[in-house]
Amino acid sequence: MKLNYLTAHEILDLIKENKTSAQKVYKSVLDQIDNSEKAIKAYANLAERSEISIDENKPFPIPIAVKDNMCVLDQETTCSSNILKGFKPSYDATVIEKLKDSGAIIIGHANMDEFAFGSSTETSCYGPTHNPWDLDCVPGGSSGGSTAAVASNQAIWAIGSDTGGSIRQPAAFCGVVGLKPTYGRVSRYGLIAFASSLDQIGPITKDVEDSAILMNIIAGYDPKDSTSAKPEDALFLNTLSCRDDNYSHSCDLPDFTKALVNDVKGLRLGIPKEYFIDGIDAEVKQAVLDAIERLKDRGATFKEISLPHTEYAVATYYIIATSEASSNLARFDGVQYGLRKIPERPRKSSIVDMYEETRAAGFGTEAKRRIMLGTYSLSSGYYDDYYLRGLKVRTLIKQDFDKAFKEVDAIVTPTTPTTAFKIGEKTSDPISMYLSDIFTISANLSGIPAISIPCGFSRNNLPIGMQIMAKPFDEEMLFRIGYTYQQITDWHKKRVNL
Amino acid sequence: MDKTATKEYETVIGLEVHLQLSTESKIFCSCANKFGEDPNSLTCPVCLGLPGSLPVLNKKALEYGIKAGLALNCSINPLIKFDRKNYYYPDLPKAYQISQYDMPVASNGFLMITDEDGKPKTIRILRAHLEEDAGKLIHESTCSLVDYNRTGTPLLEIVTEPDLSSPQEAYDYLQNLKLTLQYLNVSDCDMEKGSLRCDANISIREKGVIKLGTKTELKNMNSFKAVKTALEYEVSRHKKVILAGDRITQESRLWDESKQMSFSMRSKEEAHDYRYFPEPDLVPFVVSDERISEIKASIPELPFTKLERLIKEYKITEYDARIIIQDNAISDFFEECTLHYKDFKKICNWINGSLLQELNSRKTKLAQIDLGALEFTKLIQKIDDETLSNLAAKDVLTHMIDSGKSVDEIVKEKGLSQVSNDSELEKIVEEVIADNEKVANEIKEGKESAVGFLVGQAMKRTQGKANPKKVGEIIKNKLSKSQ
């Protein structure tokens, strides 16, 4: 098998045995990019190859794709938006610093929906990314470039960000493993914010083992991010209020690879009835039910649970996420960096003209739609009915999970209601696009960790993902169940030949 | 006479003070919090609001906010929460200001002032909240430039209830507020440097009417004096408008110091919707009661408590005490002096007279010079024991401050010891009488008041070293003897 088809842990074993080198692995990835990037368009910007250095002595010299919303020193970082064209950060995001320290080779910025606004990577200013399993299909989004890069073996690892499912949904569509860690587990410093209270950076890998390895590199308290979890800081957890004393789980940073245990015996797993609704694709449903059977075979017990406020999750999410986004995106005004446009003929004051012209030209349709939605929700006279009510429902959704986790150790659901849809199929229907995240959004609203793991293929040979959710700071539970599942199935070993 | 013209109006004023806290670093990043450095030299991704950067609260800024709140008799909200205030302006790099909206760190306090009848009056403080300062725009002829050094300077916004009834009360409130804050060492309160800025809300209403009149907001005053003048101008402007049968427009107005007038800023302000919402990048947290108690314990005796105590304890006049408490260092110095020297009135005279003169002429503060209380009282003692004349003592004080040397050293070096030796003095007096025959004759004829003139001449001749009391006696003796 080609080196770039391997997982990182396989590569690291080979390097240890002197059977290959980081240089060779890197070369195989570049060859793949030269071969298939034209068709996939996974990358927004590739780093200059002449500027890449490989340190064979570092522990993890693994080629990695980074979503285009994470600041890399002196590397154009644009959130796949025209408004940030030319923006070269003067600093590294904390995760980038950690990756560089570990020896990871950042090969480029992966394509994404503009400012992570989307579920298909079609709203990028660079054009859509194509699903490696079917080039006519979307890779999902918004981290579609990252998941497509890994699925097409154009990167061994990738880093994405997940605000409402933006790691898990494209991971499911592309047949890779995508983890959204607990809110506060990975530093957001240097992640260009979409919705600050929901955003979380996470690993995108070919299997669960790599996911745990990559988490070991990127997770941990960061004094530069006030929302990152400090192990000794009990107060943080209380105010985050995404956990309950009855099921308190330490937020100390574990060695995640220690959770890679092939054993689910006695684990109590929940199946929320609200997630197996009408309208869910029969093949998707069947694949997840099959996966549940396999876990049962290994000794896990299942029970039906209820997360009664699930039906409000999408609405709540679109209030809160767009409200925060409208504020987070206000800084793109043409003053300091990125695009600046000045109208030929002055209309209002010169500064207002510049704001309006720059933002009108720089943002795409979906970004404008969300900025308007959020601005409306926060406006005086509407705040109480929208944003404030949204926060209240968010609390109810959290409480659903609090209650559920008193009865079960983890919750298993489909990651998405369908497999990957066709490029262009949903671009004119935002609501149906938003519903693509219906199963993933609740984990962001409640702050809990969730992972998507490949669990089958449709008749059209499109990947299907199973989502597992656990208590706050219990990513280890996800790794344990996922690892066990991957010992008895081969879905994660399927590779696209491009 | 027209009835409306005789109507009596009362003035209602509320003040908003923006206070820059004198922390080492900025409120949400570790950049230095300094004034007067090269433009944009004190910046980082956080205070520049670069994409991806995140704020982290400076604990010192919070401590200063709590300290000021406690000193202003506020209750402290132990749950610290920040909000975003959204608006576009080129000096605001994130296009939102991190501030506190519905949960200010301090609320419901008060500060005492003295009203026009000399009675104590309570000015209620509605709230004091923490926020970040914006940058500074510099307008050139063809473009505007932004200096982000000030961006992220910690601010405490202190808002009063509309309890002030005159421009003078507003002035007094600001004086008392500044003094209190200076005692706390949380800000240098320098209006010229912009470390204390004040906006004033003002309205007038007919006496007896409960409903508040339409207010205007005054901005751009750069001294306490300017606040007072601007308010006086605005009060009379309101009266004129109302007496002419017109209505006051609710608006913000800029004070123009050179023209001594206020001008409308165009009432765009009212259209602003700041869309406040909780700042998601800062997790709310609770300050423990112990921490608040610790901060409380660190508050020194405040100026007006000190004023009363000084009057009572040292039996000095209120006038003297008021001058002494204007500077915490001075009042401490006074109290230290009282340990070495028991004529408290005399200490006051020397502090409030010569010492303050010396400090003012040097544009410095006591804390910046090398002068010990013990040496200072020794100097006063030298007058008592007639080693030094008043005049010479002043000279010695100047040298003490210049050189940091002791009283004795300077007296010795400069040969400033008072001349009390009778024969020496007699010689001097004889010379003075010889040079001023006319005056001497007047004294002989009984015009005793002229003695002082000759004493003055003798002092001059000895460069202040002569003992004036003795000189006076000798003059009187000589001029009566020869009669």
Side-chain angles (χ1 to χ4, degrees), chain A residues 69-71 77 79 84 87 89-91 93-94 184 187-193 195-199 222-228 233 235-236 238-240 320 323-324 326-338 350-352 354-355 374-375 377-381 383 387-388 391, chain B residues 28-30 40 43-46 48-57 79-98 101-102 135 137 139 142-146 148 151 266 268 271-288:
Chain A
N69 58 358
M70 287 169 227
C71 290
T77 306
C79 289
L84 271 173
F87 172 61
S90 56
Y91 71 104
T94 297
S187 168
R188 292 187 297 114
Y189 189 80
L191 168 69
I192 302 178
S196 316
S197 75
L198 300 161
D199 294 344
D222 179 8
K224 288 191 215 145
D225 175 2
S226 308
T227 65
S228 83
D233 197 354
L235 207 59
F236 171 81
N238 290 336
T239 48
L240 196 67
I320 292 172
S323 295
E324 292 181 12
S326 71
S327 172
N328 283 330
L329 268 61
R331 72 185 67 188
F332 306 111
D333 57 7
V335 174
Q336 252 194 98
Y337 44 77
S350 59
I351 186 72
V352 174
M354 182 178 91
Y355 289 154
T375 304
S377 301
L378 290 176
S379 294
S380 98
Y383 181 89
Y387 187 73
L388 195 62
L391 290 183
Chain B
F28 297 122
C29 65
S30 53
N40 297 310
T43 58
C44 73
V46 177
L48 289 176
L50 292 185
S53 64
L54 294 170
V56 176
L57 178 62
L79 180 59
I80 302 302
K81 178 198 157 232
F82 287 89
D83 301 277
R84 289 187 186 176
K85 179 182 182 179
N86 296 284
Y87 65 95
Y88 287 93
Y89 210 62
D91 65 5
L92 191 68
K94 299 190 297 297
Y96 57 82
Q97 179 191 33
I98 304 178
Y101 180 53
D102 56 347
L137 286 180
H139 298 289
T142 54
C143 65
S144 295
L145 304 167
V146 199
Y148 292 108
T151 310
R266 283 166 286 143
K268 236 182 186 178
H272 258 211
D273 178 356
Y274 291 118
R275 303 191 310 280
Y276 281 100
F277 74 104
E279 165 58 289
D281 288 330
L282 292 166
V283 181
F285 66 97
V286 174
V287 186
S288 69

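A note on names: the letters A, B, ... follow the listed sequences, proteins ahead of strands, and every chain is numbered from 1.
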- Message: Closer than 3.5 angstrom, by distance alone: can the side chain of Ser226(A) be matched with the main-chain N or O of Pro55(B) as a donor-acceptor pair?
- Response: yes
- Query: Is the side chain of Asp273(B) donor-acceptor paired with the backbone N or O of Ser380(A) at a distance under 3.5 Å, no angle test?
  - Reply: yes
- Query: Do you know which two heavy atoms are closest between Pro90(B) and Tyr355(A), and how far apart they sit?
  - Reply: N-OH, 3.1 Å
- Does some side-chain heavy atom of Arg84(B) sit less than 4.5 Å from a side-chain heavy atom of Ser196(A)? yes
- Task: Side chain from CB out, backbone as N, CA, C, O: work out which of these in Tyr276(B) comes under 4.5 Å of a heavy atom of chain A, or both, or neither.
- Result: backbone
- Item | Structural part of Asn86(B) lying under 4.5 Å from a heavy atom of chain A | side chain
- Note on the structure: For Val56(B) and Asp225(A), the nearest pair of non-hydrogen atoms, with its separation, is CG2-N, 4.3 Å
- Note on the structure: Scanning both residues in full, the closest heavy-atom pair of Cys71(A) with Pro51(B) reads SG-O, 3.5 Å
- Message: Please give me the minimum heavy-atom distance between Ser90(A) and Leu50(B), naming the atom from each residue.
- Response: OG-CD1, 3.4 Å
- Task: Return the minimal non-hydrogen interatomic distance between Tyr88(B) and Ala330(A), and the atom names on each side.
- Result: CE2-O, 3.3 Å
- Does Arg331(A) reach the main-chain N or O of Gly49(B) with its side chain, forming a donor-acceptor pair under 3.5 Å? yes
- Over all atoms of both residues, closest heavy-atom pair of Tyr189(A) and Ser53(B): CE1-CA, 3.8 Å
- Message: Would Phe277(B) and Ser323(A) count as a side-chain contact (heavy atoms from CB on, under 4.5 Å) here? Give the steps.
- Response: CA-CA 9 Å; Phe277(B) 74 104; Ser323(A) 295; 5.6 Å; no
